[in-house]
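First up is the structure itself, then whatever we jot down about it.
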Amino acid sequence: MEELKAAKNFIEEFIEEDMRTKQNRITTRFPPEPNGYLHIGHAKALCIDFGMAKKYGGTCNLRFDDTNPTKEDAEYVEAIKYDINWLGFEWAELKFGSDYFGQCYELAVKLIKKGVAYVDDLSKDDMREYRGTLTEAGKESPFRSRSVDENLELFSRMKAGEFADGSRTLRAKIDMASPNINMRDPALYRILHMAHHQTGDKWCIYPMYDFAHPIQDAIEGITHSLCSLEYEAHRPLYDWVVEQCEFENKPRQIEFARLNLTNTIMSKRYLRRLVEEGYVSGWDDPRMPTLCGMRRRGYTPEAIRDFLARVGVSKADSTVDTAMLEHCVREDLNASAYRMMAVISPIRLVVTNWEAGRYEDVEIENLPGGEAGAHSVRFGRELYIEREDFAIDPPGKFFRLKPGGEVRLKGAYIVKCENYDVDEAGLVTTIYCTYDPATKSGECERKVKGTLHWLPDNAVPAEFRLYEPLMLTATDEDADKDFTQLMNPDSLQIKHGFVENELAKAAPGDRFQFMRVGYFAADIDHTAEKPVFNRTVGLKDSFKM
RNA sequence: UGGGGUGUAGCCAAGCGGUUAAGGCACGGGACUUUGACUCCCGCAACGUAGGUUCAAAUCCUGCCACCCCAGCCA
């Protein structure tokens, strides 16, 4: 299912070329920053990083890119590891960017000695001033021509903690007139008197991503450093660092387009706001596009991987229709989720010619075809059916129950609607039917157009949580103006209905197809007295009123 | 207006000088059905634009247009 892509993507072409002409091996890495939970966008990178390594007989490392202690926390480390494994990937080595702080420092010293790095005393604002603009060249810092010895001494004192945060930086000496702004003497190290979640108080200077990343890659023996498009303009700098540090191993950075999904907020910044401002219950709220949220909602790793394989890899900015994701989920769940009956919005149905107190167990197949066995449901005089499966005055091709109409109750008998009660508000309260004893399921030739799901009167009360997209499509500017404006008020609907008795003991995470209703997952965190089911995705419904 | 990227149907995405321009999602029609599901058939629409090179261009060249990324001591 995942191998249906025959065509090679552009990354595979590069890799194959390199394996032919450079080194006959591949090692990749997945480098999340531990500042949040992994989401479906990360899953794309995961599939590419781990997938490429596997396809070409290499390995992939997991490396936490933790060079900025102001934004990171160890809290996320375990969650990220868990999600990667859940998705089905295993790393060869587990590293932290901070493991390389010592080596980064030594290499910085090396660059200073080579005369291609210097300590700059310019303030942040001055540096911005000196950098120039997109159309005008920058100008050189007055500190750019310091002697090697002076740079060495200052850098050593930076490390020793003699200077205040922001008072100095170590910069690469490249070209202040470069048309590529990233090459205008980028900062390599900044001073930050702050404890790091991995290294504690050992360091008060931290390397920048642009300096640390290529070093980490090169040391780890990474051959292909796959990342998203926004790093394209950083590649010359990446190569510069590898070159200046004189690494034997020269990893190749290849960029690809990140994943966007319709009606889905993928920006970590906004996801964080949703959590911190209480719009959702947490990172694992089933409405979140995080892997933990999707897991709780009932998405399977197989479906996610299949989806990502279908989306493919390219450099074109794109927004994939969530319908494609949902299709993959349905396809996967259709083959594995047991068919059970649930009534989300119940209405009472009385079989008037069935004696009170008489019951009959009827069989329902677990999966179509019957090879997965069956389970039984108790049929009797009083039942529940779905409220929307009955219409007093139905539209044209309504196959469900209507006054005088006939319908089969799944696995049981054909019933005919004889009458119904309505309350003062006009709401139907009870439907009265008669059943045809000659129409027992499996022993009857007669066909009717509609088949309804139903439940006995002793069914188990359950809570159903129906999810709609959390965010409406909007621009970042809109979101900055008024975050609440983007919220979908109907993103969560809670319904109280019933499920088959067997589901009283549904294990958290179990997935089912509630016939004619949709795919649901027993809630992972449910502690309620009655079971809670999250709707993973609805069934396709070709009936339109 | 500097640099780096990207433009193939409603949405993804193959294609690499000669193809009727793959495939998937979505959509429409039909068959089947004890889930209006699934499955199975059938249909569906595209090379940003203007020139040029060539017997032949989505593929090569040039101009133009549109969109994305870069002016953090973030990643």
Worksheet item: Under 3.5 Å, is there an N or O donor on one side and an acceptor on the other linking the side chain of A:His453 and the base of B:A37?
Response: no
Worksheet item: Parallel, tilted or perpendicular for A:His39 and A:His42, by the 30°/60° rule?
Response: tilted
Worksheet item: Does a donor on one side chain sit under 3.5 Å from an acceptor on the other, for A:Thr70 and A:Asn68?
Response: yes
Fill in: Gap between atoms CG and P, on A:Asn334 and B:C40 respectively (whole Å)
11 Å
Discussion item. Whether A:Arg131 contacts B:G72 is assessed here as follows: a side-chain N or O lying under 4.0 Å from the phosphate OP1 or OP2. Is that the case?
Written reply: yes
Fill in: B:G48: syn or anti, per glycosidic angle within 90° of 0
anti
Item to complete: Whole angstrom is fine here: how far is it from OH in A:Tyr189 over to C1' in B:G72?
Response: 18 Å
Worksheet item: Is A:Ser441 side chain donor-acceptor paired with the B:U34 base, going by distance under 3.5 Å alone?
Response: yes
Discussion item. Given B:A75, B:A37, B:C25, identify the nucleotide with an atom nearest to the side chain of A:Glu33.
Written reply: B:A75
Fill in: Distance-only donor-acceptor test (3.5 Å): side chain A:Arg128, base B:G72
no
Item to complete: Write down the distance between CG (A:Asn180) and C1' (B:G5), rounded to a whole number of angstrom.
Response: 12 Å
Fill in: Short side-chain donor-acceptor distance under 3.5 Å, A:Thr28 and A:Asp49
no
Fill in: Any A:Lys447 side-chain N or O less than 4.0 Å from OP1/OP2 of B:U34
yes
Worksheet item: Are any of A:Ser314's side-chain N or O atoms less than 4.0 Å away from OP1 or OP2 of B:A13?
Response: yes
Worksheet item: Can you find a side chain N or O atom of A:Arg235 that sits less than 4.0 Å from OP1 or OP2 on B:G4?
Response: no
Worksheet entry | A:Thr70 side chain near B:C74 phosphate (N/O to OP1/OP2, under 4.0 Å) | no
Worksheet item: At their closest point, which heavy atom of A:Thr133 faces which heavy atom of A:Arg184, and how far apart are they?
Response: O-NH2, 2.6 Å
Item to complete: Report the distance from atom CZ of A:Arg184 to atom P of B:G72, rounded to the nearest whole Å.
Response: 11 Å
